[in-house]
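Chain A is the first sequence line, chain B the second, and so forth, proteins listed ahead of strands; every chain is numbered from 1.
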Amino acid sequence: MFLEIQEIRKSFGSGENRTEVLKGVSLAVEKGEFCVLLGPPGSGKSTLLNIIGGIDAADSGEIAIAGEHMSGMKERRLTDYRRRHLGYVFQMYNLIPNLTVQENIEVGAYLGEDPLDVDELLHTLGLYEHQKKIPGQLSGGQQQRTAIGRAVVKKPDILLCDEPTGALDYQTSREILKLIETVSRRYGSTVLMVTHNDAIQRMADRVVRLRDGQIRDNRLNERRVPAEELEW
Amino acid sequence: MVKKKNPLYRRLPRELRSELGKYLVIFLLLTGSIGFVSGFLVADGSILAAYEESFEKYNIEDGNFRLSEKMNRAQQSSIEDFGVTLYDNFYATENLTNGSRLRIFQDRSEVNRVCLMEGRLPETADEIAIDRMYADNHALSVGDTLQSESRSFTISGLVALPDYSCLFEDNGDSMFDALQFGVAVMSAEGFSTFRNAELTWSYSWKYDADIAPADEDAEQEISEELMKVMLSEVTLEAFVPRYLNQAIMFTGDDFSSDKAMMTALLYMVMAIMAFVFAITTGATIAKEANVIGVLRASGYTRGELIRHYMTMPMLVTLAGMLVGNLLGYTIFKDLCAGMYYGSYSLPTYETRWNAEAFLLTTLAPGVLMLLINFVLLRRALGLSPLKFLRRDLSRKGRSRALPLHGRIPFFTRFRLRIIFQNAGSYAILFVGVLFANLLLMFGLIFPSVLNHYQETLTDNLLCNYQYILQIPLSAMNEERKLESLLSMLLFSLDAQTENEDAEAFTAYSLVTLEDEYKSEEILLYGVAADSRYIDADFSEEQIYISQAYAEKFGTQPGDTITLKEEYEDELYEFTVSGVYPYEGALALFMEQDYLNAYFDLGNDYFSGYFSDTEITDLDEQYLSSVIDLDALTKISRQLNISMGTMMYMVDAFSVVMFLVLIYLLSKTIIEKNAQSISMTKILGYTPGEIGRLYILSTTLVVVLCLLATLPLETWIMYWLFRAVMLTSISGWIPFYMDPRIYVQMFALGIAAYALVALLELRKIRRIPMDEALKNVE
């Protein structure tokens, strides 16, 4: 397996206020797979994504990408791990406000050893004519496209998406999902997408349901549909 | 209806805790500046009051004059008929083994009464009470012994003589010299051991109450009248009315110019700090835009929010003012008083509550801080609630990206964007660096200018010794022509020397007209046509001005200058033929015959000698002064003593100011970009790379500021220096910019910045990655 997650536990607070958010989550994802993590708010899906992304640490358990284990990694190695393996897309686009679209994508390109051609990617993202604009001049959808561009430009092994359509309208959400689908297929990225939108599971290779910090369902989707056919 | 307390104020303690570093450095800087200036003004005010009261308390003379011999009763009574009372103020001069000269008076009981600072007044014949500052400069204390060639004195006390608050040995000196010259008093018994030949016949006068002049103009008028009366009775060697007596008046003049400078300094610091506050608060507003939007949408008024965001800066300012004033009245007051006592022989003083100091250091800067913050906050919070909710804080619609060519390397473009984003902060940084570095330059340039002056003087001395002869005033009395002619003849015969290096010259003294600047004494040298010492072509009545003259008054060849006799109205015009390379005095050089004829002094008249070797066969009574390197560098030596410590303090203050400013502004820049920094961390950028993006931008700006402000600072310093030299100091010290100062300033700036950069790098490391996960977009 490309991504292996074993017995991840995570809790917040201490004493009586201690809340266990992840209660021994195990999961395996194949390379190039499109995996959707579904669950209601508070189910622990974003925490799991952050732990996989190396921006939060598990209390116990093990994560390995292509055989490289994360546990015990110090800050410097974790940074390197994120740099080599991961691309991140958030609900809130987190673009650098004083850089243009093109420059925001270059922020990602700088980290890759063999990044994609930024101009070509701008075309793919439909942002070519907006490349000189700063985030403040863009719509929400355009900002999220830029964020996706920044994430995929370095050709990450895994693209982590945390509610990427959470702040977008229906039509824009479908466009964004289609874009994620396209770029992941084109560039062979494994995608882990956290969402509470049930409809999105239809475009996934694998659907994982979390509730109360535990995986309740983990199945392969036999009848995948393209993103543009999704409706909700 | 009971007015509810604004719940937002509950945030203030938390805000203080979370921003402790920022508020602490601002508080310390404000406290330090306010404390120092308040201490300075309190010391200045208290000492000035003591100084002004000393005129009455110690019954300071209205003037003094010197005679070649003791006055007889008839002469005294004739002069006193004018409406003055005369007092003996004889003194003896002892050359001490420590290389200095001590002017010893008998303890005074009527005029110029002595202020005892430490120990007791002399009682026995070998006891002496010496000037307190002279004692400080020579590390002397009560009980020590002073030695001259023939006498030994035991110090019984330290005193201040009110007629020597500033130790000018000669009123014509351009600067006092508290190192090589001191004053002292002895008991009547002790003083009587001096033989008449050892005494200088100096007298003080006080006007009778009915003719006492009300102001300086009246003083000038009445003193001129008095001089005429004296000239008809006695042969005057010197005549110094009080308003012209530098030993008495210089101190008071110096106090007022210092006060203006210190107050201006404080306002600059306060204004810069107010802008720093405004910028940091502006960053907070940007960070809290959504919250502000919600609050405004819910009905909070703009005024309530302005008050809220102004509270912390004003509280910190208030705390700075309170503690600053407290320190001002205690520690800093003593420190500043110490500086004055290091330069002047002042009587004791009592600390006085100084309402003006409170107004200048507390109320005025407080209002300045309030106004700047209010205006900037009012502007920042003037946007609609919707704009805040959308985090669109620009005024001119949506801001656009400045086009940058794609060929510019990515990191460079990134840094340029950061620089554009923080242009406001960097503009304040520029002003702050300019100000801090101007102070630093002032602190560094001062000793360097003085050293350079000494070196220049050594290199272009006219000769090793200039002997200025004392022409008896009787030889100059136009009302008694015959007597004066005889007197002159006698003098010419007596004042001859065998020294082969000696070359006679005529010295004549005029003064500049009092217009923009105070009147200055100009020495006119009448030089032998084939002079060995002055290398200039004097044919066709050519007149040269000294380099010092040319620099001080901006005079050039071809210009016409107008001078006048000190106490007369007659004007003299000279056309300048050239500039003679001499920095030692404000002087004119012309051929001796021409000068003698011009002032009708007679063909053979001379009044001094140039010589490269010491002349030992001159009659002491005809010797007025010897100008050698030691005498010429008196001004720079004394300035070094008076200002040296102060310069170190200025240096330290400017570096602290620079540090605080850079720290606060770069901190703001990092905080403003915390989310982006967090995101770059998530993406996999290392702290080093993030530092190269966010810190290097500030580094570039700091380096640019440091370099770009240098010419501006040099220019400002040149004009400031000129203004100070023109208004406060007699004579001239040329401005000199040692290139090493630029290097020192740049190195200090970079070293200070490096310290801040390390702190900021640590701050970047501490920005958590979940910062980017906060829903603040």
Starting from the C-alpha separation in whole Å, work towards a yes-or-no answer on salt bridge (charged side-chain N to carboxylate O under 4.0 Å, His left out) for Arg84(A) and Asp80(A).
-> CA-CA 6 Å; Arg84(A) 281 184 293 118; Asp80(A) 188 52; 3.0 Å; yes
Whether the [X] and [Y] side chains hold a donor-acceptor pair (N or O, under 3.5 Å, no angle test) is what I'd like checked.
{"X": "Asn673(B)", "Y": "Gln421(B)", "result": "yes"}
{"X": "Glu62(A)", "Y": "Ser71(A)", "result": "yes"}
{"X": "Thr146(A)", "Y": "Gln143(A)", "result": "no"}
{"X": "Ser11(A)", "Y": "Arg18(A)", "result": "yes"}
{"X": "Tyr93(A)", "Y": "Asn104(A)", "result": "no"}
{"X": "His85(A)", "Y": "Glu68(A)", "result": "yes"}

Please state whether the side chain, the backbone, both or neither of [X] comes within less than 4.5 Å of a heavy atom of chain A.
{"X": "Leu416(B)", "result": "neither"}
{"X": "Ser678(B)", "result": "neither"}
{"X": "Phe420(B)", "result": "neither"}

Top residue by heavy-atom pair count (under 4.5 Å) with chain B, among [options]?
{"options": "Arg76(A), Arg150(A), Lys132(A)", "result": "Arg150(A)"}
{"options": "Thr79(A), Ile96(A), Leu111(A)", "result": "Leu111(A)"}
{"options": "Ile55(A), Thr100(A), Leu78(A)", "result": "Ile55(A)"}
{"options": "Val107(A), Val118(A), Asp162(A)", "result": "Val107(A)"}

Could you walk me through whether Lys667(B) and Glu760(B) pass the salt bridge (charged side-chain N to carboxylate O under 4.0 Å, His left out) check?
-> CA-CA 7 Å; Lys667(B) 180 175 181 290; Glu760(B) 295 311 324; over 6 Å; no
Those residues at least two apart in sequence (or on a different chain) that pass side-chain hydrogen bond (donor to acceptor under 3.5 Å, both in side chains) with Glu689(B) are Arg83(A), Tyr110(A), Thr686(B)
Enumerate by number any residue of residues 174-183 of chain A whose heavy atoms lie under 4.5 Å from heavy atoms of chain B; in the absence of such residues, state 'none'.
-> none
Can any side-chain N or O of Lys10(A) pair as donor or acceptor with the backbone N or O of Ala57(A) at less than 3.5 Å?
-> yes
Check each atom of Asp56(A) against the heavy atoms of chain B and say whether the ones under 4.5 Å are side chain, backbone, both or neither.
-> neither
